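Computation of the quantities below employed the complete heavy-atom set of this structure, encompassing side-chain atoms and omitting hydrogens, waters and symmetry-equivalent molecules. As the structure is a prediction and not an experimental result, all values here were calculated from the model.
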Amino acid sequence: MAKSKTRYVCQGCGASYVKWMGKCENCSEWNTLVEQVVEDEKAVKSALKKAEKSGRKLEVESVNEIRADRYGERYGTGFSDLDVVLGGGILPGAVMLLAGQPGIGKSTLLLQLASKVAEKQAVLYVSGEESASQVKIRAERLKGKHSEDLSFAGSTSANDIAATVASGDYGFVIVDSIQTLALDEITSAPGTVSQVSGAGNLLIRAAKATGTAVVIVGHVTKEGTLAGPKTLEHMVDVVLQFEGDRYGGFKTVRAVKNRFGSTNEVAIFEMGSSGLKLVENPSEALLRERQNTDGSVIMATMDGTRPLLVEIQALVNPTSFGYPKRTASGFDLNRLNLLVAVLEKRTKLKLSEKDIYVNVVGGLKLSDSAADLAVCMAIASASAGRRLDDKIVVFGEVGLGGEIRSVYASDRRIAEAKKLGFTAAIAPYTVKDKFVLPVKDMRDALVKYMNR
Ligand code: TYD
Ligand code: MG
């Protein structure tokens, strides 16, 4: 018999190579290639031949006659905002992936969720990472009442877990985490492409067959992408991303993929001594400790469909080593460099020999283009040592010509600012509202409002 062939498969993206390399050419990750046995072509061909004959014609149903609630109705998680993120609660039969960095609070959130759901459903929490007593300690810390219908099992066997899901005994199953699972039939280590996608597949099939809702925990790498294969993200129904500071600050859960809902919503949490709590009024909480110094600007941003006021801070110092340093926390560094260039070119600010630091308070990450104007004004304020009026919020996109461009949902940004007692908004001149101090370009904004 011929020696079985092996190939080197990237654990990040799934690309395969004949030779081992230090870096995957496809996704540019280092040290991700792992040797795997490939089945020889003849065997695959004959298997395909067999498969061709063994198939049967599908039984079909009319779409009109299919019942949407075949497995029952959606139910709540106990966190109203998280229900919104999911598209109206947990859908029976849905498989959800909760991705986040170690220590952010995935296990905590799911245990809280589990004890809530257990009031109405039989819930099983399977952990491959923690022992029963460790989970018990956490459950005690969370203080909630734990119903009889919340069960625990420690296991890393994908076969056993899938069989348990397939038994249909539980309405809701949590699997913590996919990276610890292994299938008996696959020899590679837990966390590898074949194990993760194999285990994922098995769980999904069991969930769909019985209408069990399943949450799978997934760890992410330092860069914030899900460890292991992308394929898992394609297979599941919902991908939830849990982000934020590990220590203090806000943590956000948003759906980056949702087959049964929108991906615009976000739930904002805070970790306390007895678990995670929804932040009821994030804008107010974010502004509570604000001190109006130079370099501080309040921005009206949108997190999906939800308006939010955040403080943007800038610090501008003379460069001491000849090469100016630019640092951004919570804001894209490339975008910062671009805005600094626009400021230099279109206004009288001299920034070429200045170190510039920009920080978004509260550990939030802004991807809203309306942050441009606020970042520019914060830099200008820090650089000139002038302050912006206390009661003014800022939003608007900045173009390369220094022009201020309109952004979406101006009305909701303005409404949020009014709600929190602000008196005006520096905004693109296209926004027609009495609340707005209209600006056309960067210079206009600085000359008119950076005056104290
Ligand atoms: P954990 O949920 O284990 O994170 P993950 O599963 O994502 O790795 O815990 C996150 C952190 O939260 C942990 O360092 C301890 C802390 N924590 C609290 O501050 N309060 C609490 O009530 C609990 C349960 C945890
Ligand atoms: Mg955990």
Side-chain angles (χ1 to χ4, degrees), residues 9-16 24 26-30 32-34 36 77 82 84-87 90-102 104-107 109-110 113 126 128-129 156 158 161-162 165 172-183 186 188-209 212-244 251-267 304 365 367:
V9 179
C10 172
Q11 305 297 297
C13 68
S16 81
C24 172
N26 189 42
C27 65
S28 307
E29 287 292 320
W30 287 91
T32 52
L33 299 197
V34 169
Q36 284 180 4
T77 59
L82 189 60
V84 175
V85 170
L86 288 170
I90 299 169
L91 187 72
V95 179
M96 293 154 275
L97 181 68
L98 177 67
Q101 288 192 346
I104 189 149
K106 300 183 293 296
S107 307
L109 177 65
L110 291 177
L113 218 144
V126 187
E129 307 200 329
T156 55
I161 298 172
V165 173
F172 185 56
V173 176
I174 291 162
V175 182
D176 191 359
S177 67
I178 188 83
Q179 276 88 3
T180 60
L181 299 193
L183 274 132
I186 301 178
S188 52
T192 53
V193 173
S194 36
Q195 289 289 14
V196 169
S197 48
N201 234 314
L202 221 55
L203 286 172
I204 289 168
R205 266 190 280 167
K208 300 285 170 200
T212 310
V214 175
V215 179
I216 302 172
V217 173
H219 294 295
V220 297
T221 60
K222 262 206 302 292
E223 291 76 37
T225 52
L226 191 75
K230 267 268 176 244
T231 47
L232 190 63
E233 283 180 54
H234 298 304
M235 290 180 333
V236 297
D237 299 314
V238 179
V239 180
L240 297 172
Q241 207 145 43
F242 202 165
E243 284 177 322
K251 300 164 200 288
T252 56
V253 176
R254 64 184 83 233
V256 289
K257 163 182 175 179
N258 192 347
R259 286 187 181 149
F260 325 109
S262 95
T263 52
N264 281 330
E265 309 292 345
V266 60
K365 288 194 177 62
S367 54

So how far is it from D237 CG to I204 CD1, rounded to the nearest 0.5 Å? 7.0 Å

Hey, what do you get for OG (S188) to CD (Q195), rounding to the nearest 0.5 Å? 4.5 Å

Please name the pair of heavy atoms, one in K208 and one in A94, separated by the smallest distance, quoted to 0.1 Å. NZ-CA, 4.3 Å

Exercise: identify the closest heavy-atom pair between N26 and A15: CB-CB, 3.8 Å

So L240 and F242, side-chain contact (heavy atoms from CB on, under 4.5 Å) or not? Walk me through it. CA-CA 6 Å; L240 297 172; F242 202 165; over 6 Å; no

For L203, run the side chain to side chain contact (heavy atoms under 4.5 Å, CB included) check against L181, T212, V173, V236 and tell me which one passes. L181

I need the M235 CE to N201 CG distance, nearest 0.5 Å. 5.0 Å

Say you draw a straight line from CG of L183 to OG1 of T156; how long is it, rounded to the nearest 0.5 Å? 11.0 Å

From Q241 atom CD to Q101 atom CD, the distance as rounded to the nearest 0.5 Å: 10.0 Å

Looking at every non-hydrogen atom in both residues, tell me the closest pair between T180 and G128 and how far apart they are. OG1-CA, 3.8 Å

In chain order, what residues pass the side chain to side chain contact (heavy atoms under 4.5 Å, CB included) check against V9, with sequence neighbours excluded? Q11, S16, Q36

Distance, nearest 0.5 Å, that separates CD of E29 from SG of C10: 7.0 Å

For M96, run the side chain to side chain contact (heavy atoms under 4.5 Å, CB included) check against I90, V217, I216, N258 and tell me which one passes. I90

Using the side-chain contact (heavy atoms from CB on, under 4.5 Å) rule, take L109 and V253 through it: C-alpha gap first, then chi angles, then the decisive distance, then the call. CA-CA 10 Å; L109 177 65; V253 176; 4.3 Å; yes

Might you work through the side-chain contact (heavy atoms from CB on, under 4.5 Å) test for D176 and L110, ending with a clear yes or no? CA-CA 9 Å; D176 191 359; L110 291 177; 5.6 Å; no

Tightest non-hydrogen contact, residues C27 and C13, listed as SG-SG, 3.7 Å

With distance as the sole test, does K106 use its side chain to make a donor-acceptor pair with the main-chain N or O of A99 at under 3.5 Å? no

Can you give me the closest heavy-atom contact between G244 and I104, atom names plus distance? N-CD1, 3.5 Å

Minimum heavy-atom distance V85-A267, with the two atoms named: CG2-N, 3.6 Å

Just by distance, do the side chain of K257 and the backbone of E233 share a donor-acceptor pair under 3.5 Å? yes

Step by step, work out the side-chain contact (heavy atoms from CB on, under 4.5 Å) result for V175 and V165. CA-CA 10 Å; V175 182; V165 173; 5.8 Å; no

